[in-house]
Number of protein chains: 2
Amino acid sequence: MTAVVYRGARTLEIEQRDPEPPGSGQVRIDVAYTGICGTDLHIYHGDMDGRVGAAAVIGHEMSGRVAAVGAGATALSVGMPVTVMPTKFCGQCAACRRGNSHICQAMDFMGIDSPGAMQASWTVPAELVIPLPAELSLRHAALVEPVAVAVHDVRRADVGADDHVVVIGGGPVGVLIAAVAQGRGAHVVLAEPDAFRRGVADEIGIESMDPTTDDVVALIDKRTDGAGADIAFEVSGSAAGVSTAVDVLGTRGRLVMVAIHTQPREIDLHRYFWRELELFGARLYQRDDMTEAVRLMAAGAIPADRLISRIESVDSVGAAFEALEGGGSVMKVLIEWQKEH
Amino acid sequence: MTAVVYRGARTLEIEQRDPEPPGSGQVRIDVAYTGICGTDLHIYHGDMDGRVGAAAVIGHEMSGRVAAVGAGATALSVGMPVTVMPTKFCGQCAACRRGNSHICQAMDFMGIDSPGAMQASWTVPAELVIPLPAELSLRHAALVEPVAVAVHDVRRADVGADDHVVVIGGGPVGVLIAAVAQGRGAHVVLAEPDAFRRGVADEIGIESMDPTTDDVVALIDKRTDGAGADIAFEVSGSAAGVSTAVDVLGTRGRLVMVAIHTQPREIDLHRYFWRELELFGARLYQRDDMTEAVRLMAAGAIPADRLISRIESVDSVGAAFEALEGGGSVMKVLIEWQKEH
């Protein structure tokens, strides 16, 4: 079977490998679609070579069908449509002991720390497999993992009906957060400088604005009669995004830190004190978030078609990464494997 | 009656004024003790002249007895021991509309924005008066307001039994937070560079350490087998305090921002994301915090005697402010008014 193998910065090779038969408690999945995530791009850039091994199969957003069932994996059967929660926790580290196994400190994140989903056949522990309902297409189901991220973030913020929500950063995760929050009845504004991404947001009914030309804080101030936003999601990774997120919040407003900030950021702690603001780090997802993501997608609550910009064959995987690297006019790109089966 | 009047930086004058008879819905209180707070020191330094009027009577920590009852203030009677919640909220601003009237954006904070408790006779709205139980001495009751601050902060953090708690900064509020948290069954360590203040903490059974010579993060790491603290209170106002507070927390650890940071501080947002840390601004108190503070003090749960370093007559008010300004070997200083009555 075909696998995409990372062999150092900007080098992906297409190789033929033998499928790995499922051991006890495992299943082998015929992969249908694999999505390309920002983390995959970081790996592609060579930024994560210290963590990603040589000849690594990356990828962790996927859908497929069970192809073979190992001993003891009795809840699954051949042909079942599935996705995978790619986070193997250790169960013993401090985070796991505190009940936070989803952010396990010794996490084996499949597609980073161990072989991932960018191969036609993927063998994984059965307990990480999430069965999919028949009404959810495998194409859409490749987005379950990023939707679970958005569900987790929205739950961290406890978004409620009629809350005023500002999402800063309109890439796939930002747009998904906006969609999930709006699905809960919140009033959502997405701040994103890129016109293409704003266009996608507009198409799916999410109000967007350009923070480089419009004043988000003033807009929210006007809409809320000076009260400020209830919730802000920082998904941009920029210092300006952090600053805007703090400034836009009303008393006891909640800022959810979704983006990865590789350097410390200045925060107005006096405003935190004065308005009793709150900040919540949010990372990955729990199993409940995955199943809720499946439910939302099966119910048609996530505009998956608008978020999937392109579907590429595995032969074009290099071109797909280059397109994403260029930023611009693309949201989610999927690699299609089904032609193999 | 005697009043202490602020007349510009480092100038307090002792004046004789006529007591103000209580109007409708008001009571007049014969003040027994008034505590000097860090905010009073800021005013004394001239840092808050823009907010404090000319010829202002400052002070907001106090105890006393009802001396006269205005029309309609039927729940109170002459002779009742009381303290006052000095926060008059407007009921109409954005914060009040959001249900956060305790941090009202148009707050009249008595002792800053309107006449305070540094006078032998104080006339206040009856609805802000908190009756005291007979078993609580008026001397101790002068600490109800700062204890309410600590109760509020501990409630913001939801401190529970066996939580590992680090309090950074061992002034009166830091020590009170430590005491209230320890009263809930938490394991508390107080980080404070001043030896006198560490001595006070030790005397009242709060473990303390010197962050300039000992490594708080390493200590907590060892005690929690690498898990990290559940909760940190930043009460020092220093950049180093913020940094330590972030570094000491385990996954989903909660940092409560109590101190006033007048300049932005750098925060390790990657750690916030990675460990799903939380940050809560905490300011002032709600009425429930005041009544809980009264209950704790009446139950003897707050080591008030050890926290009251000195009790001065009103004639020595200038010396009392100077002693506090010097920092060092003093925690809470009270002004005694009872000799007037």
Side-chain angles (χ1 to χ4, degrees), chain A residues 92-105 107 152-153 156 221 224-228 230 234 237 239 241-243 245-246 249-284 286, chain B residues 92-105 107 152-153 156 221 224-228 230 234 237 239 241-243 245-246 249-284 286:
Chain A
Q92 291 165 22
C93 73
C96 287
R97 293 198 314 273
R98 287 168 74 93
N100 302 319
S101 58
H102 73 292
I103 50 171
C104 168
Q105 290 171 333
M107 177 88 78
H152 184 70
D153 297 340
R156 280 292 272 162
D221 197 58
T224 60
D225 197 14
D230 299 282
E234 198 329 82
V242 173
S243 180
V246 173
L249 290 173
T251 51
R252 291 216 171 168
R254 304 187 286 284
L255 167 52
V256 182
M257 191 55 55
V258 177
I260 295 176
H261 289 263
T262 53
Q263 59 195 93
R265 298 294 187 199
E266 285 201 333
I267 304 254
D268 181 350
L269 292 180
H270 188 269
R271 192 177 171 93
Y272 255 85
F273 158 81
W274 196 256
R275 297 199 158 205
E276 290 200 335
L277 302 182
E278 303 179 0
L279 171 63
F280 297 86
R283 179 173 158 229
L284 297 169
Q286 292 153 296
Chain B
Q92 292 165 20
C93 73
C96 287
R97 293 198 313 272
R98 286 168 75 92
N100 301 318
S101 59
H102 73 292
I103 49 172
C104 167
Q105 291 171 332
M107 176 88 77
H152 185 70
D153 298 339
R156 279 292 271 163
D221 199 57
T224 59
D225 197 15
D230 300 282
E234 201 325 84
V242 173
S243 181
V246 173
L249 290 173
T251 50
R252 290 215 172 169
R254 307 188 284 284
L255 167 51
V256 182
M257 191 54 57
V258 178
I260 296 175
H261 288 264
T262 51
Q263 58 195 92
R265 299 293 186 197
E266 285 201 333
I267 303 253
D268 180 350
L269 291 180
H270 187 268
R271 192 175 172 93
Y272 254 85
F273 159 80
W274 196 256
R275 297 197 159 207
E276 290 200 336
L277 302 182
E278 304 179 358
L279 171 63
F280 297 87
R283 181 175 157 229
L284 296 171
Q286 291 152 297

Query - Heavy-atom pairs under 4.5 Å with chain A, option from B/Leu255, B/Asp230, B/Val242 with the top count - result: B/Asp230
Query - B/Arg275 versus chain A, the contacting section by heavy-atom distance below 4.5 Å - result: both
Requested in this report: Measure the spacing between CZ of B/Phe273 and CG of A/Leu279 and express it to the nearest 0.5 Å.
Outcome: 13.0 Å
**Report entry** Contact class of B/Leu277 relative to chain A, heavy atoms under 4.5 angstrom
**Finding:** backbone
Query raised in the report: CD1 of B/Ile267 to CD1 of A/Ile267: how many Å apart, nearest 0.5 Å?
Result: 5.5 Å
**Report entry** From B/Thr224 atom OG1 to A/Arg98 atom CZ, the distance as rounded to the nearest 0.5 Å
**Finding:** 7.5 Å
Report summary line: In terms of heavy-atom pairs under 4.5 Å with chain B, the winner among A/Gly228, A/Cys93, A/Pro264, A/Gly99 is A/Pro264
**Report entry** Partner chain A: residue of B/Asp268, B/Ile103, B/Leu284 with the largest heavy-atom pair count (under 4.5 Å)
**Finding:** B/Ile103
Requested in this report: Taking all heavy atoms of A/Arg97 and all of B/Ala227, pick out the closest pair and write down the distance.
Outcome: NH2-CB, 4.2 Å
Requested in this report: Identify the heavy atoms of A/Arg283 and B/Glu276 that sit nearest to each other, and give their distance.
Outcome: N-OE2, 2.7 Å
Requested in this report: Please report the closest heavy-atom contact between A/Ala94 and B/Gly226, naming both atoms and the distance.
Outcome: CB-O, 3.6 Å
Query raised in the report: If you count heavy-atom pairs under 4.5 Å between each of B/His270, B/Arg252, B/Glu266 and chain A, which one has the most?
Result: B/Arg252
Donor-acceptor contacts, no H, no angles, side chain residues 256-263 of chain A, under 3.5 Å, sequence neighbours left out:
unit_1	atom_1	unit_2	atom_2	d
A/His261	ND1	A/Gly237	O	3.4
A/His261	ND1	A/Arg265	NE	2.9
A/His261	NE2	A/Glu234	OE2	2.7

Query raised in the report: Which bit of A/Asn100 is near chain B, if near means a heavy-atom gap under 4.5 Å: side chain, backbone, both or neither?
Result: side chain
